[in-house]
Amino acid sequence: MPVITLPDGAKRQYDHPVTALDVAADIGPGLAKAALAARLDGALIDLSHVIETDATLAMVTAKDDDALALIRHDCAHVLAEAVLELYPETQVTIGPSIDNGFYYDFYREAPFSADDLAAIETRMHAIVDRDEVITREVWTRDEAVAFYRKNDEPFKVELVDAIPANETVTFYRQGDFIDLCRGPHAPSTAKIGHAFKLMSVAGAYWRGDSNRPMLQRIYGTAFFQEKELSAYLTMLEEAEKRDHRKLGKALELFHIQEEATGSVFWHPKGWTMYREIESYMRRRLDAANYQEVKTPQMIDRSLWEKSGHWDKFRENMFTAESEGDRILALKPMNCPGHVQIYRQGITSYRDLPLRMAEFGSCHRNEPSGALHGIMRVRAFTQDDAHIFCTEDQIDSEGRAFCDLLLDIYRDFGFDDVRVKFSDRPETRAGDDATWDKAEAALESATNAAGLDTTLNPGEGAFYGPKLEFVLRDAIGRDWQCGTLQVDFVLPERLDAEYVAEDGSRQRPVMLHRAILGSMERWIGILIEQYAGRMPPWLAPVQVVVAPITDAVTSYAAEVRERLAAHGVRVQLDSRNEKISYKVREHSVAKVPFIIAIGEREQQDGTIALRRLGDKNQETIALDAAVSMLIEEITPPDLKNS
RNA sequence: GCUGCUGUAGCUCAGUCGGUAGAGCAACUGAUUCGUAAUCAGUAGGUCGGAGGUUCAAGUCCUCUCAGCAGCACCA
């Protein structure tokens, strides 16, 4: 008979099998009421689960980390129940909890409208109020298949069919609704509470396969407390405000228009940022012993055939015609071009590692649905480089790269970087020994750099393993920025070689690497990270000098001159407007420093400085202010030197 | 690319039952010289994304198309 060990180490002995709920009730009625599920020897179970042997047991309540996912999953079932009650012709398929809520995929001819969503949500509240008991049932797989065949639900039949014939499956029933589900679930629908909301409906392919039918996915979110829900919704609103597409327009950084979808028109202010970032990167690359090059925008198809891109990447390549039937392709990548430079002349082992960098403008014909502001475009510039090296140098080059990348990310204000490690895919080039070596080298590079990686099994490129450096945007979307890829294949295909110590000809390894990824995406991420309030060194306009009356304009102009002479991006706002109007306007434009000049400042040779976001201002002697501002706007890599 | 939604002034949006287009902000002009997040007054601004159709009449209804948005798929 079971001995139950509780989290505090206490043991309870029973002379008969008990349910998790029995144990909870034994501990106290409050706990029995609060319990949503339990954890049996670490695994989540229903409260109704019968325990027959010795085990450790912990109750899961709203305080538990897993509890939110649990009620969200419950909520998905309530959503499905509501949909079936309102639209009986609908087929339910799959509905899990996800990071910020849950969804359920439905098959139904007619699309769900916004009004439908409101009606469904209302019905969901009613179902919660009904407090339907949620019960678990164990069926044989064959029973389940027969059930769904009879109901003519092919999607469910497919799910159950995938399970081995002699196994059992579990169903969860609440009211008249029953669904194939692993569980666990809370004991009744009332446990969900009312702090939930349906967010949107959108298409989603059945089983994530674009060749299969499209279902309608209804997204929702749920919390334990109403105020948690409203906090989440407020957070979404705030995130929307820092959307780079809105800010890019509002701050006059760039625009995109119909005639050039997926390409950016950089306005003077946006281009100032762009150039500042490019200059910074150039300094960092110089310091890290990279050599910068520039390769052709269009290259004959024959080179892309050799490199393998024509085969594997043709759909995404733009082409142009010339001289009759000659086909040129706009480069989607810089690597083949770099190999052409590498191949000029003979390379000695003494020249390796050779680090070749390019701010390479690439064109890729991305699917229309993939385009997103300046984050995902068809014309973009990579801070690309290829390191030609020996296999033995992969490790040290990888480390140096990770260090450089982290240092650069830090300079831009990103400390929290997630790294995905993609190892060997099913179909690949190169033998296992080489892969072992490459993977080990990449791993040691990340370890040395102090990076935590998550494994992305089998997601490596066919030519080698890769690291992907991922940042998350304001709206919670992940964007891949940096990458480090080990490549044994391209040097072979494009016949790159070097002369080894013993005089033999050898293949170099190519490390493909980017830090920012694309200039466009990087700037988009920066805008969202800072909500448009760029660090002073990146701000398009760093200082505005605003005279309070005409009488002091000449002194204000002098202040402007002083700053401009030191390379400060400074403007004089001598318009006939009140100082409060100017302060508001330049604050809205997110200028980091506003200098107000009045009679007092003119007389004393001072300035009144106001920092963006501050309510107050300080009066500083002009000389001191100039040197302070110069320090403030100095790019991070040039500070203290 | 797929599903759904959206497209009206530089921006944010309103526009009823089909009856010939409206607000705020921005812009421009004038007045105001005013010490830290919007001074007042006036003026101008639109082939209603594009093409076709229905109608006496289309921003409004229908078809096609382009673009944007959300999600899915894609991102070597």
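Reminder, nothing fancy here: chain letters follow the sequence lines and each chain counts from 1.
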query = A:D383: what forms a side chain to side chain donor-acceptor pair (under 3.5 Å) with it, not counting sequence neighbours?
reply = none
B:A70 phosphate, OP1 or OP2, under 4.0 Å from A:R245 side-chain N/O = yes
ask   = Do side-chain atoms of A:Q216 reach the backbone of A:A110 as a donor and acceptor pair under 3.5 angstrom?
value = yes
message = I'd like to know if A:R242 and A:E528 make a salt bridge, using a cut-off of under 4.0 Å between side-chain N and carboxylate O.
response = no
query = Under 4.0 Å between a side-chain N/O of A:H255 and OP1 or OP2 of B:G10, yes or no?
reply = no
task = Compute whether any side-chain donor of one residue and acceptor of the other, for A:Q340 and A:T295, lie under 3.5 angstrom apart.
result = no
ask   = When the P atoms of B:G7 and B:U43 are considered, how many whole Å apart are they?
value = 31 Å
Close approaches to RNA chain B from residues 201-216 of chain A, in residue order (heavy atom, under 4.0 Å) = A:A202, A:G203, A:A204, A:Y205, A:G208, A:S210, A:M214
ask   = Quick one: stems for RNA chain B, with Watson-Crick or G-U pairs under 3.5 Å, at least three in a row?
value = B:1-7 with B:66-72, B:10-13 with B:22-25, B:27-31 with B:39-43, B:49-53 with B:61-65
inquiry  = Would you say that A:H244 contacts A:H372 through its side chain, given a criterion of any heavy-atom pair below 4.5 Å between the two side chains?
reply    = yes
task = Indicate whether the side chain of A:D300 and that of A:S302 have a donor and an acceptor atom separated by less than 3.5 Å.
result = yes
query = Checking only heavy atoms, does the side chain of A:E601 share a donor-acceptor pair with the base of B:G35 at less than 3.5 Å?
reply = yes
task = Could you tell me which residues satisfy side-chain contact (heavy atoms from CB on, under 4.5 Å) with A:L442, sequence neighbours excluded, listed by chain and number?
result = A:F421, A:P465, A:L467, A:L484, A:V486
request  = Map A:Q485 and A:P367 onto RNA chain B by nearest heavy atom, then report which one ends up closer to the 5' terminus.
outcome  = A:P367
query = Between B:U55 and B:G19, how far is it from one C1' atom to the other, in whole Å?
reply = 12 Å
remark   = Judged by nearest nucleotide, the residue sitting upstream toward the 5' end of RNA chain B, A:K466 or A:G598, is A:G598
ask   = What string of B, S and - do you get for nucleotides 59-65 of chain B, 5' to 3', if B is base contact, S is sugar-phosphate-only contact and - is no contact with any protein heavy atom under 4.0 Å?
value = -------
ask   = Who passes ring pair (Phe, Tyr, Trp, His ring centres under 6.0 Å) against A:F112, sequence neighbours left out?
value = A:Y87, A:F106
A:N316 and A:N365 side chains, donor-acceptor separation under 3.5 Å = no
key: C1' atoms of B:A21 and B:A58, separation to the nearest Å   = 13 Å
